[in-house]
Amino acid sequence: MISVAKVSLPSVDGQVRVLAIDDNTDTLRLWRRYVQRTRSSLIETSDPDEALALAARLRAGVGRARRDVAPESTAELLRQFRRHVATATIPIIVCTVLPQRQLALSLGAADFVQKPVTGPDFRAALERQTAAVERSE
């Protein structure tokens with residue numbers, strides 16, 4: 001199972017900070033390449049246990065992708081983000097190889113991207129959520 005969450009804004013120097021948490025450094029490199037020359041700026045970590053605290057501190061995007069994580073772990077991460085006052089309203093994008101769109105959305109994800117994800121799909125999901133946040137400000 002692979003899942004991804006994304007949290008965005010506020011922007012710094014015109015850049016939208018996106019925190020990506022993934023135990024696979026190749027995936028992080030791929031995502032970093034996908035956002036080159038865009039207004040998104042990745043902040044990367046491989047420690048999913050740190051995700052909530054880091055997102056709350058940075059008010060940035062959050063991503064998580066782990067091949068060895070059970071679906072229940074992904075669901076719990078989403079629940080934690082929704083319960084925490086500092087991250088409750090931050091948009092989260094879930095990305096997985098499994099067709100779990102409805103489950104992800106029902107757990108509070110703002111968007112869903114099926115893997116394998118392409119650069120255009122990844123950037124489009126980031127832009128959809130960034131635009132939604134900007135409209136609500």
Contacts of R83 meeting salt bridge (Lys or Arg N to Asp or Glu O under 4.0 Å) (sequence neighbours excluded), chain-then-number -> E76

For A125 and V113 the tightest heavy-atom approach is CB-CG2, 3.5 Å

Quick one: pull up OG1 in T38 and CD in E127 and give me the separation to the nearest 0.5 Å.
7.0 Å

Distance (rounded to the nearest 0.5 Å) between L42 CG and Y34 OH
12.0 Å

What is the ring orientation for F122 with W31, classed by angle as parallel under 30°, tilted 30 to 60°, or perpendicular over 60°?
parallel

Determine, step by step, whether V35 and V18 satisfy the side chain to side chain contact (heavy atoms under 4.5 Å, CB included) criterion, reporting the C-alpha distance in whole Å, the side-chain angles of both residues, the deciding distance to 0.1 Å, and the verdict.
CA-CA 10 Å; V35 299; V18 177; over 6 Å; no

Closer than 3.5 angstrom, by distance alone: can the side chain of Q114 be matched with the main-chain N or O of C95 as a donor-acceptor pair?
no

Close side-chain approach of R123 and V117, heavy atoms under 4.5 Å
no

With rounding to the nearest 0.5 angstrom, report the CZ to CG distance, R39 to L126.
10.0 Å

Reported CD-to-OG distance for the pair Q36 and S41, which is rounded to 0.5 angstrom
11.5 Å

With rounding to the nearest 0.5 angstrom, report the CZ to OG distance, R101 to S106.
12.0 Å

Output all residues satisfying salt bridge (Lys or Arg N to Asp or Glu O under 4.0 Å) with R33, sequence neighbours left out; order by chain, then residue number.
none

So, do L78 and V94 sit near enough that their side-chain heavy atoms are less than 4.5 Å apart?
yes

Separation between CD of Q102 and CZ of F112, rounded to the nearest 0.5 Å
9.5 Å

Who are the salt bridge (Lys or Arg N to Asp or Glu O under 4.0 Å) partners of R82, not counting sequence neighbours?
none

